[in-house]
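Okay, structure first, notes after.
Source: prediction; values computed, not measured. Computed from heavy atoms alone, side chains included, the values below leave out hydrogens, waters and symmetry copies. Chain letters run A, B, ... following the sequence lines, proteins first and then strands; every chain starts at 1.
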Amino acid sequence: MKIYRVNMSKLSFTMEAVPEEWRLLGGRGLTSAIVAKEVEPTCNALGSKNKLVFAPGLFAGTMAANSGRLSVGAKSPLTGGIKESNSGGTAAQRLAKLGVKALIIEGIPEGDKWYCLHVHKDGVEIKEENELLGKGNYEVIHTMTSRYGENTGVMTIGQAGEHKMSLANISVKDPKGHIRSAGRGGLGAVMGSKRIKFITLDDNDGAGIEIKDKEKFKNAAQVFNKGLLSHPVSGQALPRYGTDVLVNILNEAGGLPTKNYRYGQFEGAENISGETMYDTIMSRDGDPTHGCHVGCVIRCSQTYNDKDKRYLTSGFEYETIWAFGAGCTCDDLDVIAHIDHECDDIGIDTIDTAGSMMVAMEAGLLPWGDGEGMLRMIKEEIKEATPLGRILGNGPNFTGKAFGVTRIGTVKGQTMPAYEPRAVKGIGITYATTPMGADHTAGYSVTANILKVGGHIDPLKKEGQIELSRNLQIATASLDSAGLCIFVAFAVLDYEPVSHAIIDMINAQYGVNWSVDDWFNLGRSVLKTEMEFNRAAGLTEKDDRLPEFMEEQLPPHNTVWDFTGEELDSVLQF
Amino acid sequence: MRIEIKLYGHLKCLNEKLDCLNKNRFCLEAAQGTILSEIHKMIFVNPADNLVSIVDGHAQKPDYSIEHDCSISIFPPMGGRTHNPFEKI
Ligand code: SF4
């Protein structure tokens, strides 16, 4: 495999051999290693010293189920620390089939011209781009698909990325030509700072993927696949209801953050639940289940049509629905679906955009529950990059400063997602301590706290939460490096043969002799690298804390956030 | 004792001997000391593994002893394992 390196200052491309130290890294492990090695931690995230790295995981392009997730890394303009943002779509598998271990983009072009990149088997072409400037992601994807054909991969930024907003994400074309996103941390702004509107990927005649022991890999992949399909979460609940199945569960458990984290239950929960979404999709001839990349056997994604049965959005996630729903007290699923569509098109992260909306509602700019108002603000302010739009588009902390609001639900500037830390305490530990800023996927303790997957730890008590979050953060960093979807974790946690199958696949593909310890050491070293980068970037222990208002009692359980700084500082000490 | 039942997802009462047959929101009478798994059996006759049950806001295990006036929310199979599909491998 090789490294593709694009220098936007020189408008040049080089192809490099993969250094031995990166051979057994992929996905997040590789993006974080490259960023840590090549990016000055104190640099301006939108300046020429930052680098944007795309890396498929260790199993990308193989028959391992759910292994086509893409990692995108850089210093984040939102958190000020290192960032790995993870996406579905077809890009990771295309990069792997091209034999590209990582695509590194550095520098900033002189002048004010914009560019696009075309990645293929012989390298990367850098072309000037004017036609699609100012356009949304859907138009970019449709135009590139008609220009280069169905089998072209696309990674693109919308208007928000062009305006270098901290909420800007990178959109990735999925197998149906719809959008998946490397959503968090403002990496679309980093791509915009390098004045790249989109990247197309043509994997024709690519070098392909080498597997040292094909038979052993195939056997392990079959065990892995069986485990995913046998587990009740990944085999039954997610395919039917998508991630939105969690609305009613979290609501009943008192852990659905409502009205900017004032309550743990939302009276409109039923209207935005996975059950309601499923019925709506079926009544409008939508598609309740499909995969965000070829080879996903869980298929938690869906196509949600409007009242006239026309495509409205897909990849309509629980976190998005929570954020604009319970978070902003809007119970209109159709309006939230419209918002999701607009966010995808403009290229902004839904969780953090809703975070800005919560702050806007605190400031009185919008009434609580005003879904149409949020849609209007996104279309007329953020998309148009008006002064108000730029404030909102730079995230909840920025919006809070502009309007004097202090009730801001962020850690390291990133919005806490859809699980209340006072009612699901393990996830609070993850929000506080992951190097990524508040991120549920970094250590998804909802497993043992609510679903009793991988054991059961009372979500309302402190006992066991630190160990739970620590272990999940380590395991997740390993899974992210393999390019595996986080939802494989349910089977990994509950069925030992599934976790062994992962090790067997690594050994078979790369001709090594890893043990389970080696696998977890990978996760530990990824986290260590990321923490060291953050400390060198100037983030301190104070950044590993939840907002002060978490000390308020949360109904209905009336629990408070009660972890000390010392306890939090111990989480990732290893 | 009287308990409130809320069934989610595609779940509904499948016990033909109960008035709540095919319903997903209803109240039941249960004897003192009844545990959660007995409620599952009462409603579903052959309950699936891995049902997630939340009693008055707290996720509970199948051996949890329910109390008068409690509210039980039951979700489709999506809980941690109760059997291992690899046992025979
Ligand atoms: S389970 Fe969902 S998020 Fe994971 S790979 Fe499949 S569609 Fe994508």
Side-chain angles (χ1 to χ4, degrees), chain A residues 222-223 226-238 240-241 245-255 264-265 269-270 273-275 278-279 423-424 446-461 490-491 493-498 500-501 555-559, chain B residues 3-14 22-28 35-37 39-41 43-44 46-67 69-89:
Chain A
Q222 279 170 351
V223 172
K226 175 177 176 178
L228 301 191
L229 291 174
S230 306
H231 197 278
V233 181
S234 49
Q236 295 176 52
L238 286 172
R240 178 150 182 162
Y241 298 111
V245 68
L246 289 161
V247 166
N248 278 328
I249 297 178
L250 266 295
N251 195 53
E252 286 295 332
Q265 288 180 318
E270 190 71 49
S273 66
E275 288 87 342
Y278 178 81
D279 291 343
V424 190
V446 178
T447 47
N449 275 177
I450 303 290
L451 301 176
K452 291 182 259 149
V453 169
H456 181 45
I457 292 172
D458 188 332
L460 303 176
K461 300 207 172 109
F490 297 106
L493 288 167
D494 269 348
Y495 307 144
E496 221 175 294
V498 176
H500 285 294
H557 297 301
N558 297 325
T559 42
Chain B
I3 49 174
E4 184 194 18
I5 306 280
K6 293 191 255 178
L7 304 180
Y8 287 94
H10 56 279
L11 299 182
K12 56 189 180 181
C13 175
L14 298 176
N22 289 328
K23 291 190 180 149
N24 56 15
R25 299 283 193 279
F26 49 89
C27 289
L28 271 185
I35 59 172
L36 210 39
S37 61
I39 296 289
H40 292 167
K41 277 192 199 128
I43 300 168
F44 303 117
N46 294 312
D49 286 337
N50 317 97
L51 295 166
V52 172
S53 300
I54 298 180
V55 184
D56 293 333
H58 300 265
Q60 300 293 4
K61 291 183 183 164
D63 60 359
Y64 176 77
S65 209
I66 56 169
E67 285 171 15
D69 243 5
C70 69
S71 171
I72 308 177
S73 302
I74 305 176
F75 294 88
M78 60 178 303
R81 68 175 171 150
T82 56
H83 84 284
N84 186 342
F86 293 96
E87 262 156 14
K88 289 196 197 94
I89 285 185

Heavy-atom closest contact (A/A237 atom, B/M78 atom, distance): CB-CB, 3.6 Å
Shortest non-hydrogen contact between A/I450 and B/A59, atoms and distance: O-CB, 3.7 Å
Engaged part of A/E270 at the chain B interface, taking heavy atoms whose separation is under 4.5 Å: side chain
Under-4.0 Å salt bridge between B/K6 and A/E275: no
Member of A/I249, A/V247, A/N248 meeting the side-chain contact (heavy atoms from CB on, under 4.5 Å) criterion with B/Y8: A/N248
Within-4.5 Å side-chain heavy-atom neighbours: A/Y278 and B/H10: no
Atom of A/K452, atom of B/Q60 and distance for their closest heavy-atom approach: NZ-O, 2.6 Å
Which atoms of A/Q236 approach chain B - backbone, side chain, both or neither, heavy atom under 4.5 Å: side chain
Region of A/L238 that comes under 4.5 Å of a non-hydrogen atom in chain B: neither
Shortest non-hydrogen contact from B/P76 toward A/Y241: CG-CE1, 4.3 Å
